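Scope of the values below: all heavy atoms of this structure, side chains included, with no hydrogens, waters or symmetry mates. Values in this document were obtained by computation on a predicted structure and should not be read as measured data.
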Amino acid sequence: MVKIPHTLKFETELDENNPVARRLLSLPYAEQVDMLEDMLKVLVAPKLADILAELNENNSYALLKVVE
């Protein structure tokens, strides 16, 4: 099977006046991105499973999957 990777981009808007947001912003940029991507994987990816299963049901030519 041939795989075509997607390049979806997410963006998080932070209120720099919020204490939690300020703590996140105090981290190095790479750590900020890692934390936010980990949160997406933990919180969003599992909720997509049912949606993807429905989209892929009876599909004979392509399957949409979440990959890390």
Inset, instruction - Could you tell me the separation between the CG atom of Asn18 and the CD atom of Glu16, rounded to the nearest 0.5 Å? - result: 10.0 Å
Legend entry - Where Ala62 and Asn56 come nearest, the two heavy atoms and their spacing: O-OD1, 4.0 Å
Inset, instruction - Take Lys65 and Leu52, measure what side-chain contact (heavy atoms from CB on, under 4.5 Å) needs, and give me the verdict at the end. - result: CA-CA 7 Å; Lys65 298 179 179 182; Leu52 292 176; 5.6 Å; no
Legend entry - Nearest heavy-atom neighbours spanning Ile4 and His6: O-CD2, 3.4 Å
Legend entry - Check: Leu14 and Thr12 side chains under 4.5 Å, non-hydrogen atoms: yes
Inset, instruction - Could you state whether Phe10 and Leu48 fall into the same hydrophobic cluster, counting links through intermediate Ile, Leu, Val, Met, Phe, Trp or Tyr residues with side-chain heavy atoms under 4.5 angstrom apart? - result: yes
Inset, instruction - Decide whether Leu63 and Leu55 are clustered together by the hydrophobic rule: side chain heavy atoms of Ile, Leu, Val, Met, Phe, Trp, Tyr closer than 4.5 Å, transitively. - result: no
Legend entry - side-chain contact (heavy atoms from CB on, under 4.5 Å) between Asp38 and Lys41, intermediate numbers included: CA-CA 5 Å; Asp38 286 344; Lys41 289 176 192 170; 4.2 Å; yes
Legend entry - Val20 reachable from Leu36 in the ILVMFWY side-chain graph, under 4.5 Å edges: no
Inset, instruction - Could you tell me the separation between the OG atom of Ser26 and the CD atom of Gln32, rounded to the nearest 0.5 Å? - result: 8.0 Å
Inset, instruction - Could you grab the distance from atom CZ of Arg22 to atom CG of Leu24, nearest 0.5 Å is fine? - result: 12.5 Å
Inset, instruction - State plainly whether one hydrophobic cluster holds both Leu64 and Val44, where clusters connect Ile, Leu, Val, Met, Phe, Trp and Tyr through side-chain heavy atoms under 4.5 angstrom apart. - result: yes
